Amino acid sequence: MTQPGAQAFPRIPAGRRQPFHSSWQVKLLALLVAAYAVYALGQLDFSYDRFIRGLDNGARFLSRMFPPSYKNWDQLLTGFIESMEIAVLATFFGVLLSLPIAILGARNLMPAWATWPARLIVTLCRAFNPVIVAIVFIKAVGFGALAGVLALVVASIGFVGKLFMEAIEEISMKQIEAVRATGAPFLSVVTYGVLPQVIGRLVGFCTYQLDANLRNSTMVGIVGAGGIGGALFAAFQRFEYDFVLAILITIIAVVLLGEFASNYVKRIFHV
Amino acid sequence: MSESVALAPMSKVWQRHTLRQKMARTALWLVIAIAVMLSLRSINVIWEFLWDAPEQMMDMGRRMWPPDMAYYPKTVHAALMETFHIATLGTLFSMVFALPLSILAAHNITPHKGLNLFAKTMLVSSRSVNSLVWALLFVAVFGPGPLAGAVAIAFRSIGFVGKLLGEALEEVHFGAIEALKAAGATQTSQILYGYWPAVKPAFWSIMLLRWDINIRESSVLGLVGAGGLGMVMNAAIDTFQWNRVAVILLTIFAVVVIGEVVVTFFRRRLI
Amino acid sequence: MAVVLSIKGLTKSYKPGVPVLKGIDLDFEERGLTAIIGSSGTGKSTLIRIINRLIDPSDGSILFKGLELSSIEGRHLREARRRIGMVFQEYNLVERLSVMENLLTGRLGYVSPMNAWRRKFPPEDVAHALELLDVIGLADFAHQRADSLSGGQRQRVGIARALMQRPEILLADEPTSSLDPKTSVEIMELLKSQGVNNGIPVVVNIHDVELARRFADRIVGMTGGRVVFDGPPDQLSDDHLKLIYGGEGWLQ
Ligand SMILES: Nc1ncnc2c1ncn2[C@@H]1O[C@H](COP(=O)(O)OP(=O)(O)OP(=O)(O)O)[C@@H](O)[C@H]1O
Ligand SMILES: [Mg+2]
């Protein structure tokens with residue numbers, strides 16, 4: 001629907017208003033999607049009474065979650081502190097490594113011999129879920145937080161590296177050209193021409209990544225890479241669902257706090 | 001007169017930031033430095049393990065080679081299809097819940113603080129809990145299997161889709177809506193004719209993005225019993241069949257690459 | 001007067017076989033403002049940007065005070081660029097940096113990247129920048145971000161940035177094309193006076209023939225990648241203009 005449509009709108013009779021222009025295509029698509037959904041549900045052994053039984057189960061499950069139990073709060077606290085440490089270290093080193101990789105990979109600053117290896121690294125870092133990377137690192141450095149940090153460093157390079165690279169490729173080359181024309185060395189071109197144009201977005205990516213790493217550190221903990229995830233997994237296995245809920249509430253609260261903190265950081269850098 | 005004379009030498013020095021800005025920045029750097037130092041100390045990295053890591057990785061690589069290709073048609077393929085269904089169904093489910101929540105969260109469509117807050121809390125909760133944790137929860141509810149996986153994926157995606165879509169809705173240019181209001185359009189038709197066309201491209205691109213992410217995430221849900229490739233991988237790791245793990249990793253990598261190609265293709269066509 | 005910049009047999013083709021510049025020979029002396037005029041697409045920008053090697057020439061020589069610019073690379077190129085000031089049509093200020101930081105950008109060639117990053121410039125550079133801010137009438141704007149300035153103010157900052165280099169030649173690619181007539185005159189005045197005060201040649205690409213006549217000591221007319229007129233403004237006749245721009249209807 002385009003702007004002129006807004007003018008024509010009152011003339012469309014009520015009840016037959018179509019939100020799309022070519023409604024038969026949309027209907028066909030909807031039909032296909034519905035057919036697929038039915039087929040796929042069948043493939044996944046989904047049945048109605050299994051669902052109902054699940055809901056029953058869920059109700060019991062929920063009732064066992066309430067009220068949340070904080071009696072093991074010391075376990076919760078140590079787990080959380082470790083998760084935060086994992087997140088801080090992974091973000092710090094991840095971002096530190098992402099910066100040069102992103103600059104090397106930016107096609108508007110670098111020749112092909114530099115961009116493609118950098119891009120390959122970023123693609124590889126992005127390809128595997130942090131949990132899989134964590135499993136690999138657990139085999140390499142043993143169970144514990146170090147494996148978690150390494151896995152999340154990889155994930156951070158994949159994410160921050162890619163977005164930062166794209167941000168650099170979108171900058172105005174005119175400003176770069178002017179800095180180059182003064183005879184500035186490459187590093188100064190980066191600090192005066194490139195960084196001012198992307199720093200705001202970079203700060204955004206970093207705070208986002210810190211947040212993501214905190215959430216993901218709960219995940220890598222589940223497979224044994226340290227942090228609150230381990231406690232969570234153990235609570236599940238011991239059927240201590242009230243403790244599970246306590247952990248989940250804390251995770252949500254911390255993530256919310258993190259969001260406030262990141263807004264504050266953005267204001268300091270006034271972006 | 002005397003004032004301006006007194007000020008003149010002052011203006012000869014140039015400072016990039018005011019004192020307050022400087023202090024805020026220094027404080028921020030200090031906080032970062034302290035956080036990193038503290039984390040490094042308390043996570044107690046066992047350096048021998050870290051330096052040994054490349055050796056261990058090489059060893060793992062040797063055991064993975066050659067990949068047990070015969071394993072693919074036997075087991076991996078079925079698991080791959082399951083992963084695909086989990087991701088796609090999960091994305092479809094999430095759409096159903098995310099749409100109304102995003103409308104409730106957008107304060108320009110729903111001018112009700114309480115409802116906004118409610119919707120935002122739901123979205124944040126969904127996002128803060130990792131899909132692997134959601135999977136743990138739903139494995140407890142529905143029992144092990146892909147159904148738990150699909151529901152977990154859906155619950156994790158609601159927050160993501162809802163947040164981005166809500167933000168897109170809030171950015172809709174007010175003038176277009178004003179015109180509809182002036183023409184006497186009801187709330188529903190404002191949404192259908194004003195907001196929907198404006199956010200449609202964003203909506204599809206968000207769904208595509210999330211589907212891509214879900215394909216990756218659903219490949220690990222099996223580690224906690226929620227079906228798909230992860231389940232096969234878990235079995236292979238537990239029995240130290242590294243050349244089977246290699247096949248699964250290769251499959252995941254291929255899926256990621258194909259997913260990226262598909263997403264790029266659709267993004268070009270749809271948007 | 002000594003020749004500062006000497007261009008000989010300069011050619012440039014972006015695509016093989018399609019030359020944009022077809023053998024340019026020009027000498028620029030120690031003083032004076034040269035205006036290069038010519039219709040759109042004749043290669044004025046190409047010419048001026050080849051001088052400081054923002055574009056690489058295909059063939060020919062560019063001799064700048066005894067230094068052959070056409071083939072140098074790396075550090076030598078950067079050191080040559082420090083001596084050449086450049087002013088751009090769209091100002092090309094770093095938008096998110098302050099006016100002061102934009103001026104100091106002109107000194108980046110002389111300051112180590114580390115010190116530049118920490119904004120540690122020699123005091124005489126800062127003093128020079130403050131002086132130039134006075135000259136361009138923006139003394140109170142040092143802390144403003146460049147993107148908060150008007151077009152004319154930006155171009156003044158652009159000129160000041162080039163002057164910060166203490167250049168031995170000043171190049172300007174259509175410095176007035178994005179500005180209103182009054183501001184254009186002020187910018188040309190600034191370029192001219194700075195050229196005279198610093199005793200350096202100024203080369204300006206310009207579309208406005210009247211402005212060129214008014215400020216230039218020498219006019220170079222280009223068409224089809226060649227120089228077809230080179231002389232003082234009072235020798236530039238309507239016939240020359242017809243040759244340079246083609247047609248004559250526009251002259252009335
Ligand atoms: N990067 C480039 N790649 C290919 N061709 C180019 C490039 N830059 C310029 N050209 C071509 O070279 C010719 C001369 O361009 P140039 O920008 O030098 O002209 P100009 O005289 O400055 O024109 P104007 O007065 O419009 O600024 C044009 O035909 C243009 O299409
Ligand atoms: Mg031009």
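Small disclaimer: the values here were computed from a predicted structure and weren't measured.
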Self-check item: Sidechain N-carboxylate O distance under 4.0 Å for Glu124(C), Arg166(C)
Solution: no
Quiz prompt | chain C contact via Ile176(A) - side chain, backbone, both or neither, heavy atoms under 4.5 Å | solution = neither
Self-check item: chain A contacts, top residue of Gly106(C), Gly109(C), Gly85(C) (heavy-atom pairs, under 4.5 Å)
Solution: Gly109(C)
Practice problem: Considering only heavy atoms and a distance below 4.5 Å, find which of Leu171(C), Leu93(C), Ile84(C) pairs most often with chain A. | Solution: Leu93(C)
Self-check item: Which portion of Arg161(C) sits near chain A, non-hydrogen atoms under 4.5 angstrom
Solution: side chain
Quiz prompt | Most contacts with chain A, counted as non-hydrogen pairs under 4.5 angstrom, among Met114(C), Arg82(C), Met86(C) | solution = Arg82(C)
Practice problem: Answer yes or no: is there an ion pair linking Asp27(C) with Lys8(C), defined by an N-O contact shorter than 4.0 Å? | Solution: yes
Practice problem: With a 4.5 Å cut-off on heavy-atom pairs, point out which of Glu90(C), Gln165(C), Arg78(C), Arg75(C) contacts chain A the most. | Solution: Arg78(C)
Quiz item: Please walk me through it: do Tyr14(C) and Ile55(C) pass side-chain contact (heavy atoms from CB on, under 4.5 Å)?
Solution: CA-CA 10 Å; Tyr14(C) 289 102; Ile55(C) 297 175; 3.2 Å; yes
Quiz item: Looking at CD of Glu177(A) and OG of Ser172(A), how far apart are the two atoms once the value is rounded to the nearest 0.5 Å?
Solution: 9.0 Å
Quiz item: Is the shortest distance from a Lys or Arg side-chain nitrogen in Lys65(C) or Glu30(C) to a carboxylate oxygen in the other one below 4.0 Å?
Solution: no
Exercise. Run through Asp173(C), Ile206(C), Val220(C), Asn205(C) and flag the one making a side chain to side chain contact (heavy atoms under 4.5 Å, CB included) with Lys44(C).
Key: Asn205(C)
Exercise. Could you tell me which portion of Arg49(C) (side chain, backbone, both or neither) has an atom closer than 4.5 angstrom to a non-hydrogen atom of chain A?
Key: side chain
